[in-house]
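Heads up: the structure comes next, in structure tokens.
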Amino acid sequence: YPLANTEWSIVERKVEHFEEYSEVYLDQIKQQENSLFRIVIKLIIFDTFLVKLTFMDYWCNDLSESQEISNPIFSSFQVK
């Protein structure tokens with residue numbers, strides 16, 4: 001396969017460590033011909049398992065609009 005030639009820009013990245021788990025958050029965008037492609041990932045990592053949440057906006061015309069949709073979803077996934 002030929003090497004992929006893509007450039008992603010980081011919107012936000014964050015790693016937080018807590019006593020019983022860690023969280024990784026990565027928000028990236030890639031310019032396409034007519035819009036942005038946005039991928040956001042949140043990992044909640046424990047000693048023996050992890051939870052992965054992925055949000056993909058294939059036709060992101062407005063980053064703020066996309067975040068209005070994704071932010072409540074991501075903030076709802078919390079360790080209790």
Side-chain angles (χ1 to χ4, degrees):
Y1 296 102
L3 293 175
N5 186 16
T6 61
E7 289 201 26
W8 290 85
S9 299
I10 295 174
V11 175
E12 183 180 356
R13 67 177 160 202
K14 175 172 49 174
V15 177
E16 295 181 286
H17 301 287
F18 302 97
E19 190 172 321
E20 295 183 14
Y21 65 96
S22 295
E23 288 188 3
V24 177
Y25 180 85
L26 180 60
D27 187 345
Q28 301 180 105
I29 53 174
K30 177 184 172 238
Q31 182 64 53
Q32 299 185 109
E33 190 172 326
N34 297 312
S35 65
L36 295 172
F37 177 31
R38 179 172 177 243
I39 299 178
V40 188
I41 298 170
K42 180 176 182 177
L43 296 169
I44 303 173
I45 305 164
F46 297 88
D47 284 339
T48 58
F49 67 95
L50 66 87
V51 177
K52 179 182 178 184
L53 177 64
T54 304
F55 176 87
M56 293 187 207
D57 188 344
Y58 292 95
W59 198 263
C60 178
N61 291 316
D62 182 327
L63 183 58
S64 296
E65 273 184 24
S66 185
Q67 289 170 326
E68 284 180 26
I69 296 168
S70 66
N71 287 348
I73 296 168
F74 279 93
S75 62
S76 71
F77 276 76
Q78 306 237 342
V79 175
K80 298 200 177 216

Looking at D57, D27, D62, which hits salt bridge (Lys or Arg N to Asp or Glu O under 4.0 Å) with R38? D27
Can V11 and Q28 be said to form a side chain to side chain contact (heavy atoms under 4.5 Å, CB included), step by step? CA-CA 5 Å; V11 175; Q28 301 180 105; 6.0 Å; no
CG-OG distance between N71 and S66, expressed to the nearest 0.5 angstrom: 8.5 Å
Only counting residues at least two apart or in another chain, list the ones meeting ring pair (Phe, Tyr, Trp, His ring centres under 6.0 Å) with W59. none
Is the number of heavy atoms from other residues, nucleotides or ligands under 6.0 Å of K52 NZ greater than 12? no
Is it the case that over 12 heavy atoms from other parts of the model lie below 6.0 angstrom from the CZ atom of F46? yes
In chain order, what residues pass the ring pair (Phe, Tyr, Trp, His ring centres under 6.0 Å) check against Y25, with sequence neighbours excluded? F74
When rounded to the nearest 0.5 Å, the distance separating CD1 of I39 from OG1 of T54 is 8.0 Å
Looking only at non-hydrogen atoms, find the nearest pair between I73 and F77 and report the distance. O-CD1, 3.3 Å
Ignoring hydrogens, what is the shortest heavy-atom contact between Y58 and Q32? Give both atom names and the distance. O-NE2, 3.0 Å
Starting from V51, can I reach Y21 by hopping between I/L/V/M/F/W/Y residues whose side chains sit under 4.5 Å apart? yes
When every non-hydrogen atom of I44 is compared with those of V79, the smallest separation belongs to CG2-CG2, 3.5 Å
Greater than 12 external heavy atoms within 6.0 Å of E12's CD: yes
Counting only heavy atoms not in D47 (residues, nucleotides, ligands), do more than 12 fall under 6.0 Å from its CG? no
With the side chain counted from C-beta on, respond yes when F18 and E23 share a heavy-atom pair under 4.5 Å apart, and no when they do not. yes
Would you kindly confirm whether L63 and L26 end up in one hydrophobic cluster when ILVMFWY residues are joined by side chain heavy atoms under 4.5 Å apart? no
Do L53 and L43 share a hydrophobic cluster (ILVMFWY, side-chain heavy atoms under 4.5 Å, transitive)? no
Between V15 and H17, does a side chain to side chain contact (heavy atoms under 4.5 Å, CB included) hold up when you go through it step by step? CA-CA 7 Å; V15 177; H17 301 287; 3.6 Å; yes
When every non-hydrogen atom of S35 is compared with those of C60, the smallest separation belongs to CB-O, 3.7 Å
Shared hydrophobic cluster for V24 and L50 (ILVMFWY, side-chain gaps under 4.5 Å): yes
